[in-house]
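All values derive from a computational prediction rather than experimental measurement.
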Amino acid sequence: MTNLLVLPIVIPLVTACMAIITRKSHKLQRWLGVLGMIAQIIVSILLLSHVMGQGILADQMGEWAAPFGITLVADLLSAIMIVITAVMGFAVAVYSLADIDKTREQFGYYPLLHLLLMGVNGTFLTGDIFNLYVWFEVMLISSFVLLALGNEKTQMEGAIKYVIINIISSSLLLIGIALMYGMFGTLNMADLASKIPDFESPGMVTTVSMLFMVSFSIKAAMFPLFFWLPASYHTPPVAVSAIFAGLLTKVGVYTLIRFFTLIFVQDVAYTHNILLWAAGLTMLTGVLGAASQNEIRKILSFHIISQIGYMVMGLALFTPLAIVGSVFYIVHHIIVKTNLFLVAGVANKLVGSYELSKMGGIYRHYPWLGALFLIPAFSLAGFPPLSGFWAKLTLIYAGLEVESYAIVAVALVVGVLTLFSMTKIWAAAFWSPQSGDDIDMTDFRNRITPWNLTLLTIPMVILAILTVTIGLYAQPFYEVSLEAAEQLLDPSLYIQAVLGK
């Protein structure tokens, strides 16, 4: 089953290379990108099916036995993340056909997009922390160039802030890696998990864990380390913003979950209490930041921060039900947040602005776009029966179960404030007639050809259907999340799969 572990990394790499080779043919480059994403979806579903049926899958590259070689591992959480990455990549690739201009295509948009996804998949599948650092750097380089591609002033400002803070994060990660190797003589995650319980100085391990926590918290945009995100995510084309919003911060959340369920569990009362405080403050600061904004992409960017708090809340509570909530919430949020950015991009193409004060009347002229906004917006706010309702309900019930009433209260208040922000966008951009009716809507239609509008709409419809489907048929998704949580809370399963002991 080596191919199932390697292909999610190889396919985007090969697709990126083919996109470079065919760079003189914009049409061929575009459709090769879409085909590459379809191939990723097929392989990722096969990987998930195998892991669900036969358990954690691990393999050693070059036949060097663990912990000495490079290990690739897929448990249920990894496989779920690989699937959702492929689906989001496909949605954004189709959207890009009508959103990305030829200048950006000429300077490598499609190769960079696939290299970014290669880095994301590598992060989800790696079994050692040095290669985790390598995949983070692949992501950082690709995402930095994608942010700066176009060379507009706002893009450059956002890209510089983004890369500086992420270099700091990577430096902290590298220091943590060096200390771990000095202490244990290994960087294999399973090997570390088996050795740490017997280490003679658990306080030192807890100290080193703080380096990893800070590094991953920066990448996840957690309080107080989130300021780089709202300064950068609104600057590139919407297709780029959407893939960033959907995936990149979730990579940070994934690594937090991986490390603080597998490796750093020697002092849960201390480490996870810090995570709980950070989760609550992340929720509050993110939603208050969103409420203060009047530009759609900035509102949505701050809501990324707010929703990260819910995901980390589940990790911090550290019960089976709470971990289920985190896994469920990650999947829900990736779909919903990506879709909201895609809808914002179409709204901008129709009315010529992202500023709420300059928008309006969209629902009157394009009711279908209003419906496509309401589905992810209501899901983000936690309305039943959409996916966000079940994700939030699971986390709230988990908090009540362990009598963590403060974080439950924060989660409920943030949900109400999230609804306020979504209502503000709806009222100003979609419902209000003040701006939209003053502009000739014929001019809007001339900006987008019917074919391009179809290309922009297809991924939004797919993601909206996924949101509704997860909400209406939550039980199967809950059961998969439960099995993923059980694997995460039993490190022996991971250690056995990798080390065979």
Side-chain angles (χ1 to χ4, degrees), residues 95-96 98-101 104 147 150-158 229-242 244-245 286-306 336-378 380-381 417-450 452-453 455-457 459-460:
Y95 193 92
S96 298
D99 184 58
I100 300 299
D101 58 83
R104 286 185 172 86
L147 268 177
N151 203 31
E152 298 175 4
K153 182 181 178 181
T154 55
Q155 283 184 264
M156 298 307 298
E157 291 175 352
L229 191 153
S232 57
Y233 273 26
H234 69 285
T235 59
V238 165
V240 177
S241 296
F244 281 20
V287 80
L288 291 175
S292 68
Q293 299 298 315
N294 287 293
E295 202 259 37
I296 289 184
R297 291 177 303 172
K298 289 184 179 180
I299 294 173
L300 297 177
S301 294
F302 272 103
H303 272 302
I304 297 171
I305 299 164
S306 175
V336 164
K337 185 57 66 174
T338 302
N339 204 9
L340 283 170
F341 268 90
L342 298 183
V343 172
V346 175
N348 173 64
K349 290 180 184 296
L350 294 175
V351 301
S353 178
Y354 289 106
E355 293 289 341
L356 296 182
S357 61
K358 298 179 181 178
M359 303 178 74
I362 297 177
Y363 179 76
R364 177 177 175 181
H365 297 279
Y366 296 95
W368 57 269
L369 186 61
L372 288 175
F373 169 78
L374 285 177
I375 291 172
F378 279 173
L380 191 72
L417 292 175
T418 301
L419 178 61
F420 167 76
S421 296
M422 295 300 104
T423 303
K424 183 167 74 171
I425 294 175
W426 170 259
F430 290 86
W431 192 255
S432 172
Q434 294 177 358
S435 299
D437 288 357
D438 294 337
I439 305 172
D440 183 8
M441 297 302 290
T442 304
D443 180 54
F444 299 157
R445 296 186 183 96
N446 291 337
R447 294 181 187 181
I448 311 177
T449 65
N452 282 346
L453 188 57
L455 292 173
L456 294 170
T457 304
M460 295 189 297

*P376 and N339: which non-hydrogen atoms are nearest, and at how many Å?*
CG-ND2, 4.0 Å
*Out of curiosity, I305 CD1 to L229 CG, how far, rounded to the nearest 0.5 Å?*
5.0 Å
_Please report the interatomic distance OG(S292) to CZ(F302), rounded to the nearest 0.5 Å._
5.5 Å
*So, do I425 and M359 sit near enough that their side-chain heavy atoms are less than 4.5 Å apart?*
no
*Which residues satisfy the ring pair (Phe, Tyr, Trp, His ring centres under 6.0 Å) test with F378, sequence neighbours excluded?*
F383
_With sequence neighbours excluded, residues passing ring pair (Phe, Tyr, Trp, His ring centres under 6.0 Å) with F373_ = F430
*Would you give the length of the straight line joining atom CG of L356 to atom CD1 of I299, rounded to the nearest 0.5 angstrom?*
4.5 Å
*What's the spacing between L456 CG and L342 CG if we round to 0.5 Å?*
8.5 Å
*Which heavy-atom pair separates A242 from T338 by the least distance, and what is that distance?*
O-OG1, 3.6 Å
*Might you point out which heavy atoms bring Y95 and A239 nearest each other, and give the distance in Å?*
CD2-CB, 4.2 Å
*Looking at OG of S241 and NZ of K337, how far apart are the two atoms once the value is rounded to the nearest 0.5 Å?*
11.5 Å
*Are the side chain of E295 and the backbone of K298 linked by a donor-acceptor contact shorter than 3.5 Å?*
yes
*How long is the gap from OH on Y354 to CG on N348, to the nearest 0.5 Å?*
4.0 Å
*Answer yes or no: are there more than 12 heavy-atom neighbours, outside W426 itself, under 6.0 Å from its atom CH2?*
yes
*For the residue pair V346 and Y366, establish whether any side-chain heavy-atom pair is separated by less than 4.5 Å.*
no
*For the residue pair P230 and S301, what are the closest heavy atoms and their distance?*
CA-CB, 4.1 Å
*Closest heavy-atom contact between Q293 and K424?*
O-NZ, 2.6 Å
_A98 to K349 - nearest heavy-atom pair and separation_ = O-NZ, 4.0 Å
